[in-house]
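Following: one structure in structure tokens, then a few remarks.
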Amino acid sequence: MEDVSGYQNLTPAQAIDHQQELRKQISIKELNTPIRTIAGADISFNKYSDILYAGIVVFSYPELKIIGTATAISHITFPYISGLLAFREIPALIDAWNNLITKPDLMVLDGQGIAHERRMGIATHFGLVTGVPTIGSAKSRLAGRFDEPADRSFAESPMYDKGEQVGVALRSKARCNPIYISPGHNISIQQSVDVIKNCIRGYRIPEPTRQAHLLVNKIRIEHGDGKPAQPGLFD
DNA sequence: GCGACAG
DNA sequence: ATCTTGTCGC
């Protein structure tokens, strides 16, 4: 697996060059091996601190029973820059990944897959680094134009960027904003959407990513990193 | 030049 | 991303 520890020293321009290089290896095609386990990953942090909490929750599929978790705590080494999210979150996620005893067949990340200006959203990047098939499930749009999907559960509308379909805007729940699904690596667009639909359990956010979010917030609070160090001192 | 801009 | 209670709409 590619070493990801050097990301902290990259300038934004170098990070973009790296994305242009990595994108050559992206493979968007049907996943033909059976999916028996699926995992969700997410990170959490306190804006007053520089600690990142990463977590992964593994489920049986399609039953979605939790069968394992892994977490990792590290320091922020890269700023948040739209389009370069992977360089900020992937090092911490890889730490959690390395702590996972049994790797899942498929992974869902909180962010874009190929629905990205250079097709290198965090889900795609994670898939290329680890080799595991990935799906991106984002709460807001980055790239791609689409028509608003109908206001009923599971209504969907294709997302296009530069003349090609990069994902689907999916109404995971009626009267809620859609979520943006795009394949990360080693899976197709259609299969990505089908899998995510199978992971909806009454909430807007699919269960893998939803549970990962709950997990990382829990460990952050347990770690005593839930409030500013000096409340209101400089406010 | 102006607006958009994952988490 | 995170800070937060009540509150409007279905």
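Lettering follows sequence order; numbering is per chain, from 1. Values in this document were obtained by computation on a predicted structure and should not be read as measured data.
Distance A/K139 NZ to C/dT2 P: 8 Å, rounded to the nearest Å. When the C1' atom of B/dA4 is taken as reference, atom CG of A/L84 falls 15 Å away, rounded to whole Å. Residue A/R88 contributes atom CZ, which lies 13 Å from atom P of B/dG7 at whole-angstrom precision. Note: CG (A/L109) to C1' (B/dG7) measures 12 Å, nearest angstrom. Atom CD1 of A/I179 and atom P of B/dG7 are 11 Å apart (whole Å). Per the geometry, CD belonging to A/E117 stands 10 Å off C1' belonging to B/dA4, to the nearest Å. Rounded to a whole Å, the CD1 atom of A/I43 is 11 Å from the P atom of B/dG7. Taking atom CG on A/D42 and atom C1' on B/dG7, their separation rounds to 8 Å, with Å as the unit.
Both key distances under 3.5 Å define a Watson-Crick or G-U pair, and DNA chain C has no stretch of 3 or more such consecutive pairs.
Residue-nucleotide stacking is present for A/Y80 and B/dG7, judged by a side-chain ring centre under 5.5 Å from the six-membered base ring centre and planes under 30° apart.
The residues A/R118 and A/E21 are annotated as not salt-bridged, no charged nitrogen and carboxylate oxygen being separated by less than 4.0 angstrom.
Heavy atoms from other residues, nucleotides or ligands lying under 6.0 Å from CZ of A/R36 number 12 at most.
Side-chain contact, A/D110 with A/T209: no donor N or O sits under 3.5 Å from an acceptor N or O.
Between the OG1 atom in A/T77 and the CG atom in A/L10 there is a gap of 9.5 Å [rounded to 0.5 Å]. The structure places CD1 of A/I181 at 5.5 Å from CG of A/L170, a figure rounded to the nearest 0.5 Å. Distance CG/A/D161 to CZ/A/R141: 8.5 Å, rounded to 0.5 Å.
Taking the six-membered ring where the residue is Trp, A/F87 and A/H125 present perpendicular rings, their angle passing 60° and hence far from 30°.
Contact between the side-chain N/O atoms of A/S82 and the OP1/OP2 oxygens of B/dA6 is found at a separation under 4.0 Å.
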(request) Kindly indicate, with the supporting measurements, whether the criterion side-chain contact (heavy atoms from CB on, under 4.5 Å) is fulfilled by A/Q14 and A/N9. (result) CA-CA 9 Å; A/Q14 292 174 317; A/N9 303 311; over 6 Å; no
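Between A/Y7 and A/F78, the gap from one ring centroid to the other reaches at least 6.0 Å.
Closest approach to the A/H213 side chain among C/dT2, B/dG7, B/dC5 is made by C/dT2 (side chain taken as heavy atoms from C-beta onward). In this structure, the nucleotide among B/dG7, C/dA1, B/dA6 sitting nearest to the side chain of A/H116 is B/dA6.
Residue A/I90 is out of contact with every strand shown, counting any heavy-atom pair closer than 4.0 Å.
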(message) At under 4.0 Å between heavy atoms, how does the protein contact nucleotides 3-10 of chain C? Give one character per nucleotide, 5' to 3', with B, S or -.
(response) SS-----S
